[in-house]
Number of protein chains: 2
Amino acid sequence: MDSDLYEMPGMENARVTIKDVARAAGVSIATASKALNDRGRMTVETRQRIRDVAASLGFMPNAMARALVSQRSFTIGLLTNDTYGRFTLPVAAGLSAALIDCGVSVFLCAFEDDAGQAAINLRSMLEKRVDGLVIAGKRIDRGLPIELPRLPMPVVRVNSLCSDDQIGFVPDDREGALTAVNHLIACRRRRIAHVTGPTSFLAVRLRAEGWEQAVQAAGLPLLDGPQSGDWSEAFGFRSGQQLLAMPPAERPDGVFCGNDQIARGLIDALTVGGLRVPDDVSVVGFDNWEVLAKATRPPLTTIDMGLNELGRQAGSTLLDLVAGKHVEPGVRRLACRLVVRSSCGAQPL
Amino acid sequence: MDSDLYEMPGMENARVTIKDVARAAGVSIATASKALNDRGRMTVETRQRIRDVAASLGFMPNAMARALVSQRSFTIGLLTNDTYGRFTLPVAAGLSAALIDCGVSVFLCAFEDDAGQAAINLRSMLEKRVDGLVIAGKRIDRGLPIELPRLPMPVVRVNSLCSDDQIGFVPDDREGALTAVNHLIACRRRRIAHVTGPTSFLAVRLRAEGWEQAVQAAGLPLLDGPQSGDWSEAFGFRSGQQLLAMPPAERPDGVFCGNDQIARGLIDALTVGGLRVPDDVSVVGFDNWEVLAKATRPPLTTIDMGLNELGRQAGSTLLDLVAGKHVEPGVRRLACRLVVRSSCGAQPL
DNA sequence: CTCGATTGGGAATACGTTTTCTCTAAACGA
DNA sequence: TCGTTTAGAGAAAACGTATTCCCAATCGAG
């Protein structure tokens, strides 16, 4: 390709090196470097003159040369098997936000659950000498499909399995469930059911614990153990139909759903069956997947897992680790947040 | 932090340099480099011995040192204002797939529609000397919220505004609409309506053109111009209610929706109103947003925009550009694909 | 036996920065 | 006036790799 194609109009030419700046300012490379990085001693006039020259030439330091000497790439890797992005994207946004202030960029590697792919991507990151690694998963009781060897850089985990000597950030599922059920109770619901995903998920078991705990603490009857199925609207719909088939006296007046899809399906079934939400039955979901929660009729009150905040904290912790600070190992469970819409009868904020 | 923490078990130590390999193999650095890169002349034994030594030491070339000398970072940037990830994530997956074979990684920069953020991210990529840039947007008639100066690297655009002298990849909206409507016609629908998003979107106007064209080509009556609203389920629901209010003779027996959310809302309204889908009214959507399309009752037949393929082609084209090959400027419109489910009465594949 | 060609391998340089050390000249105190 | 400090600036080494020469040894032909 003709390199003239990329010629810049004076400003912003990426080919300008510090040597050009030094020459144009009539100083040595060392002095130029010090002027631009606020290091060393020199008259304010010299410093300013060099900076002006650099700016007018559109000088941009070559990050790789800088990395080579400083042994820091100002780059971190985000390794995830969530190609769908349901969880990882909000995490990535929080992560970037926490890092961009420090000039750190993020390499994204999303791969299907295939160990070969994962290994290639990991190797690529190691060669690029990322300063740290964030491992993001889809569930808190599974790691990535590859064995991570002892890595030459700090690692933090988000929404992923994490042993006690590692550092991880996950939503506090039990507390989230407590919050959800307490909201139903505050809305004067007495018979609160729980319809949720497969019990093989740790998150399901934790949320069920929260449900039980809240119900018992309020002295309410504990209905039959959680209804467990898959994470789909279809399962929610079937559960809603079962609810309709119950004698009205036995019927729950509140349902805490394991995710928003189930909640949506359940509400649709109840509506089709002639029950009113929230008047006859209040429903609260989990995830705050806005495209779903906002479109539900009525809009769904649900629990936000704070994925963005998870990413943000993971980022700043990783920066601490890179800087050599000590960080206590272990899993941090971050609080979830209730998002009130209209499916429980409470006033939306 | 204690650096022993990161000590590796012999293998996989990132601190091993080519100098260590050379010393261990009893050769010079130059020879080691040539052995590992299949360059220069030497006996096969020497070459193999050096490679074995490198492997046993867990040598990994430092990508930044390599980049410095080769003037190639083996890195490309993905700049997007789609923080929600609806469009960008599939694009990113295709992109990565096309690049990983060549050892190229991707920097992800997602930012809200804020010029300051955008500029910071762009600058960061320029400093990191990415070999090329992919600009991904949310709609084909808007660019990013920043003025891109003449950049010192090739750029391709995906799902974003693109002038004739630039290189871009977008879905072929008109052709997709044609496919959708022709499918309705193949399902023996005669009165085909179009319910879609705001006409300020070029995509909306193109899809409307495709609708008209297909209807007229089949000699069917052209119903009142497209119903235009916002991209929401709520609008789809209201449109469905209006349909129910029409005299049955005037009522469309097929609806082509501008996206899956509208289709979902519309189907829900029809179902609540007692009309059967697909028997009374067939519906086809646009986007193939699986979480929505699969959960619709009945599952939604829709148009897949091939975002993944868009990303893949953008990636390989960018690699060509980086390699200096000539690429004809202009916008490529990639074919969409019909995904048959159950909302039109045709047999799902 | 000599000359040229070929083969295997190494020395040196470059890539663009940062940083340490050294040097000069000016300022200052006695 | 002489030594001592200090301000200002530059020379050089380092980071890890790829590459361009160059050199020594071996070999074959005449």
Side-chain angles (χ1 to χ4, degrees), chain A residues 3 13-51 53-54 57-75 103 124 126-131 152, chain B residues 3 13-51 53-54 57-75 103 124 126-131 152:
Chain A
S3 84
N13 188 328
R15 309 271 159 102
V16 175
T17 78
I18 199 171
K19 198 186 289 184
D20 301 319
V21 174
R23 185 157 5 112
V27 296
S28 72
I29 294 180
T31 305
S33 172
K34 282 181 284 197
L36 296 172
N37 295 300
D38 251 331
R39 292 214 148 35
R41 294 174 310 194
M42 66 192 67
T43 54
V44 274
E45 294 82 38
T46 308
R47 199 181 289 276
Q48 193 55 51
R49 180 169 46 95
I50 295 175
R51 291 190 169 176
V53 167
L57 258 47
F59 170 69
M60 257 185 208
N62 182 319
M64 280 164 325
R66 201 192 277 239
L68 201 56
V69 49
S70 69
Q71 302 285 56
R72 286 261 277 113
S73 65
F74 289 91
T75 278
S124 163
L126 291 177
E127 289 188 355
K128 297 237 156 80
R129 297 297 191 271
V130 294
D131 294 332
Chain B
S3 83
N13 189 326
R15 309 274 161 102
V16 175
T17 77
I18 200 172
K19 198 186 290 184
D20 301 319
V21 174
R23 188 163 356 120
V27 296
S28 73
I29 294 180
T31 305
S33 172
K34 283 181 280 197
L36 296 172
N37 295 302
D38 250 332
R39 296 221 139 56
R41 293 173 312 196
M42 68 191 67
T43 56
V44 275
E45 293 82 38
T46 309
R47 199 180 289 277
Q48 192 54 52
R49 181 169 47 93
I50 295 175
R51 291 190 168 177
V53 167
L57 257 47
F59 170 70
M60 255 182 211
N62 183 318
M64 280 164 325
R66 203 192 275 240
L68 202 56
V69 50
S70 69
Q71 302 286 56
R72 284 262 278 118
S73 65
F74 290 90
T75 280
S124 163
L126 290 177
E127 288 188 355
K128 298 233 157 83
R129 296 296 191 272
V130 294
D131 295 331

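What you see is a predicted model, and the numbers here were worked out from it, not measured in a lab. Side chains are part of it too, since the values below use all heavy atoms of this structure and drop only hydrogens, waters and symmetry mates. Every chain is numbered from 1 and lettered A, B, ... according to where its sequence line falls, protein lines coming before strand lines.
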Measuring from the side chain of A:Ala30 (C-beta onward, heavy atoms only), which nucleotide among D:dA12, C:dT17, D:dG16 has the closest atom? D:dA12

Would you indicate, yes or no, if C:dG9 has its OP1 or OP2 atom less than 4.0 angstrom from a side-chain nitrogen or oxygen of B:Thr46? yes

Heavy atoms from other residues, nucleotides or ligands near CZ of A:Arg72 exceed 12 (cutoff 6.0 Å): yes

Across the strands shown, which category fits A:Ser70 at heavy-atom distances under 4.0 angstrom: base, sugar-phosphate, nothing? nothing

Nearest whole angstrom, please: distance from the P of C:dG9 to the CG of B:Leu36. 14 Å

Difference in axis direction between the ends of the helix from C:dC1-D:dG30 to C:dA30-D:dT1, five pairs, 10°: 60°

Inspect the contact between A:Asp20 and A:Arg15 and indicate whether a charged nitrogen and a carboxylate oxygen are less than 4.0 angstrom apart. no

Of the listed nucleotides (C:dG10, D:dA18, C:dG16), which one gets closest to any side-chain atom of B:Val27? C:dG10

Just how far, in rounded Å, is C1' of D:dT19 from CZ of B:Arg66? 13 Å

Rounding to a whole Å, what distance do you find between B:Asp38:CG and D:dA18:P? 12 Å

Rounded to whole Å, the CD1-P distance (B:Ile18 to C:dA12) equals 18 Å

Against the side chain of B:Phe59, the closest entry in D:dA14, D:dT17, D:dA9 is D:dT17

Could you tell me whether B:Arg41 contacts a base, only the sugar-phosphate backbone, or nothing, with contacts defined as non-hydrogen atoms closer than 4.0 Å? base

Is the shortest side-chain N/O distance from B:Thr17 to OP1 or OP2 of D:dG16 below 4.0 Å? no

Output yes when at least one side-chain N/O atom of A:Asn37 is less than 4.0 Å from OP1 or OP2 of C:dT18, else no. yes

Given 3.5 Å as the limit, does a donor-acceptor pair link the side chain of A:Ser33 with the main chain of A:Ile29, or not? no

Side chains of A:Val53 and A:Phe59 in contact at under 4.5 Å (non-hydrogen atoms): no

Within this structure, what is the CD1-to-C1' distance between B:Ile50 and D:dT17, rounded to whole angstrom? 15 Å

Report yes or no: does A:Arg129 contribute a side-chain atom to a donor-acceptor pair with the main-chain N or O of B:Met64 at less than 3.5 Å? no

Please tell me which of A:Met64 and B:Ser28 maps to the more 5' nucleotide of DNA chain C, matching each residue to the nucleotide holding its nearest heavy atom. B:Ser28

Within less than 4.0 Å of OP1 or OP2 of C:dT18, is there a side-chain N or O belonging to A:Ser33? yes

Is a donor-acceptor pair below 3.5 Å formed from side chain B:Lys34 to base C:dG8, judging by atom type as modelled? no

Between B:Leu68 and B:Thr43, which has a closest nucleotide on DNA chain C that is more 5'? B:Thr43

Which nucleotide in the set C:dT17, D:dG16, C:dG9 lies at the smallest distance from any side-chain heavy atom of A:Pro61? C:dT17

Phosphate OP1/OP2 of C:dA14 contacted by B:Gln71 side-chain N/O (<4.0 Å): no

Whole angstroms only, please: what is the NZ-P distance between A:Lys128 and D:dC15? 23 Å

For the side chain of B:Thr31 and the backbone of B:Val27, is there at least one donor-acceptor N/O pair under 3.5 Å apart? no

Could you walk me through whether B:Lys128 and B:Ser73 pass side chain to side chain contact (heavy atoms under 4.5 Å, CB included), step by step? CA-CA 8 Å; B:Lys128 298 233 157 83; B:Ser73 65; over 6 Å; no

Between A:Asn37 (side chain) and A:Arg39 (backbone), is there a donor-acceptor pair under 3.5 Å? no

Can you check the B:Arg72 CZ to C:dA14 P distance for me, whole Å? 23 Å

Distance in angstrom units between A:Arg49 CZ and D:dG8 P, rounded: 13 Å

Quick one: which of C:dT18, D:dG10, D:dT17 gets closest to the side chain of A:Ile29? C:dT18

